[in-house]
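Data block below; observations after.
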Amino acid sequence: MEEPEMQLKVKKVTDKFTESMYVLANEPSVALYRLQEHVRRSLPELAQHKSDMQSWEEQSQGAIYTVEYACSAIKNMTDSSVYFKSIDSLLKHAIAMKDQLNSVQGRSAVAQQAKTPPASS
């Protein structure tokens with residue numbers, strides 16, 4: 001056989017062999033096997049990520065609830081300033097009335113002592 005003819009035959013054989021290997025490598029059952037291997041390797045890590053994310057979500061929800069509760073408490077405190085002002089006003093009024101009562105009682109005690117003669121011993 002001549003060399004160019006031999007090279008042509010070798011090229012045809014290698015092309016057929018390459019094509020067969022390509023078909024075999026891309027056969028659906030091989031693709032499913034590769035997919036299964038990928039899932040088997042990836043699934044534990046993905047499950048751990050899911051667990052971590054759920055834990056972080058629970059912590060976030062707790063923090064959000066705490067912040068919302070604190071904001072509500074602060075809003076209620078600012079809304080109650082009207083009541084504190086009213087209480088302050090009532091306390092000032094009560095103190096003024098007590099002072100007034102004390103001064104009236106002090107005058108009446110002085111007046112009674114002036115009316116009553118001192119007892120002789």
Handout entry: Heavy-atom side-chain proximity of Glu5 to Lys9 below 4.5 angstrom
Key = yes
Handout entry: Side-chain heavy atoms of Val82 within contact of Ser86, under 4.5 Å
Key = no
Problem - Pair Arg40 + Glu37, salt bridge at N-O below 4.0 Å - result: yes
Handout entry: Atom pair NE2 (His49) and CH2 (Trp56), whose distance is rounded to the nearest 0.5 Å
Key = 8.5 Å
Problem - Rounded distance [0.5 Å steps], OG1 in Thr18 versus OH in Tyr22 - result: 12.0 Å
Problem - Point-to-point distance, once rounded to the nearest 0.5 Å, from NZ of Lys12 to CG of Asp15 - result: 10.0 Å
Completion exercise
Rounded to the nearest 0.5 angstrom, the CG-CD distance for Leu8 and Glu3 is 12.5 Å
Fill in the blank from the handout: Interatomic distance, CZ@Arg41 vs CD@Gln36, rounded to 0.5 Å, equals 10.5 Å
Completion exercise
To the nearest 0.5 Å, atom CD1 of Ile95 lies from atom CE of Met97 at 12.5 Å
Exercise for the section: Ignoring hydrogens and angles, tell me if any N or O in the side chain of Ser72 forms a donor-acceptor pair with the backbone of Glu68 under 3.5 Å. Expected result: no
Practice task
State, with a plain yes or no, whether a side-chain heavy atom of Lys50 is found less than 4.5 Å away from one of Leu46.
Solution key: no
Problem - Test item: Ser89 side-chain N/O and Lys85 main-chain N/O as donor-acceptor pair under 3.5 Å - result: no
Problem - Check: Ser20 side chain, Lys16 main-chain N or O, donor-acceptor pair, under 3.5 Å - result: yes
